[in-house]
Amino acid sequence: MRTRKVRARVLRTQVIGRHGRHNPLRRRSDVVEVWTAMVVTAVLWAGAPLAGLAAGWWAYDGARSTAAEQRAERHRVLATVVESAPSSAPRAEGDRRPVQRVTVRWAEPGERTRTGETRVPAGAGVGDHTYVWLDWRDRIVPAPTSGTVVWQHTLAVGACGAGLAAAGVLALHALVRRVAARRRLAEWEQEWARTGPEWARHRT
């Protein structure tokens, strides 16, 4: 155990010394690139998840507010199918069961009978019952957003937010590396212009 601690202390001293010791071959662009790589690593491990969490929370708050407004503005009534739905019909998006738009009739207490079109499972016959959602104008509208849809939206936005943050950081890192490489080449050319003639003179 003591030997392991000594080795760790020596290794830490070597690493710190290597970064802190003056190196005549190291250029300022090298230092910038090293520190940029460290910052990028930290941001990718911490910043990108935090960005995804913030985006997901923002999306969740907005979707939950929208769902609450929909539940407050819409109500569900029982309607009666007044025309038969064909047995073979197209399927609604996200639904495995084939559906068909048919005319239904409903009447709320104290109001006149109304009719409208809604989707019902294929094969539904006249007289069958189904629930429809109505807005404040008594128009048939989709059901309020469910909790499952809210969470799906939250996860999707959160994942996109984290991905975009990571992509932006990586793009910025690539740009810094490119600039650092150009700067390094320029510094080498300046050094060669200063030491090249002297080196050639010693060769001759």
Checklist outcome for this item: Apart from Val169 itself, its cluster of hydrophobic side chains linked below 4.5 Å comprises Val39, Val40, Val43, Leu44, Leu170

Item to check | ILVMFWY cluster, Trp57 and Val150 together (side-chain gap under 4.5 Å) | outcome: yes

Item to check | All side chain to side chain donor-acceptor pair (under 3.5 Å) counterparts of Arg101, not counting sequence neighbours | outcome: none

Next on the checklist: Between Arg74 and Pro142 (side chain of the first, backbone of the second, donor and acceptor by atom type, cut-off under 3.5 Å), is there such a pair?
Outcome noted: yes

Checklist entry - How far apart are the closest heavy atoms of Ala55 and Gly161, and which atoms are they? => result CB-CA, 4.2 Å

Item to check | Set of ring pair (Phe, Tyr, Trp, His ring centres under 6.0 Å) partners for Trp58, sequence neighbours left out | outcome: none

Item to check | Qualifying residues under side chain to side chain donor-acceptor pair (under 3.5 Å), relative to Gln70, sequence neighbours excluded | outcome: Thr145

Checklist entry - Nearest heavy-atom pair of Trp106 and Gly116: which atoms, and what distance? => result CZ3-N, 3.5 Å

Checklist entry - Excluding sequence neighbours, so at least two apart, what forms side chain to side chain donor-acceptor pair (under 3.5 Å) with Thr103? => result Glu83

Checklist entry - Taking ILVMFWY side chains as joined if any heavy atoms are under 4.5 angstrom apart, and letting links pass through other members, which residues group with Leu164? => result none

Item to check | Connected-component partners of Leu155 among ILVMFWY, side-chain separation under 4.5 Å | outcome: none

Next on the checklist: So, taking the atom named CH2 in Trp136 and the one named CD in Glu73, what distance separates them when rounded to the nearest 0.5 Å?
Outcome noted: 9.5 Å

Checklist outcome for this item: The side chain to side chain donor-acceptor pair (under 3.5 Å) partners of Ser65 (sequence neighbours excluded) come to none

Checklist entry - For Arg114, which residues count as a salt bridge (Lys or Arg N to Asp or Glu O under 4.0 Å) partner, sequence neighbours excluded? => result Asp138

Next on the checklist: Ignoring hydrogens, what is the shortest heavy-atom contact between Asp135 and His75? Give both atom names and the distance.
Outcome noted: O-CE1, 3.8 Å

Next on the checklist: For residues Val104 and Val77: do they belong to one hydrophobic cluster (side chain heavy atoms under 4.5 Å, members Ile, Leu, Val, Met, Phe, Trp, Tyr)?
Outcome noted: yes

Checklist entry - What residues join Leu78 in its hydrophobic cluster, counting side-chain heavy atom gaps under 4.5 Å, either direct or through other members? => result Tyr131

Item to check | Verdict with reasoning, Leu134 to Ile140, per side chain to side chain contact (heavy atoms under 4.5 Å, CB included) | outcome: CA-CA 5 Å; Leu134 306 176; Ile140 296 179; 3.8 Å; yes

Checklist entry - What side-chain hydrogen bond (donor to acceptor under 3.5 Å, both in side chains) pairs are there with at least one residue in residues 164-181, not counting sequence neighbours? => result Glu33-Arg177

Checklist outcome for this item: Residue pairs meeting salt bridge (charged side-chain N to carboxylate O under 4.0 Å, His left out), one or both in residues 148-162, sequence neighbours left out, come to none

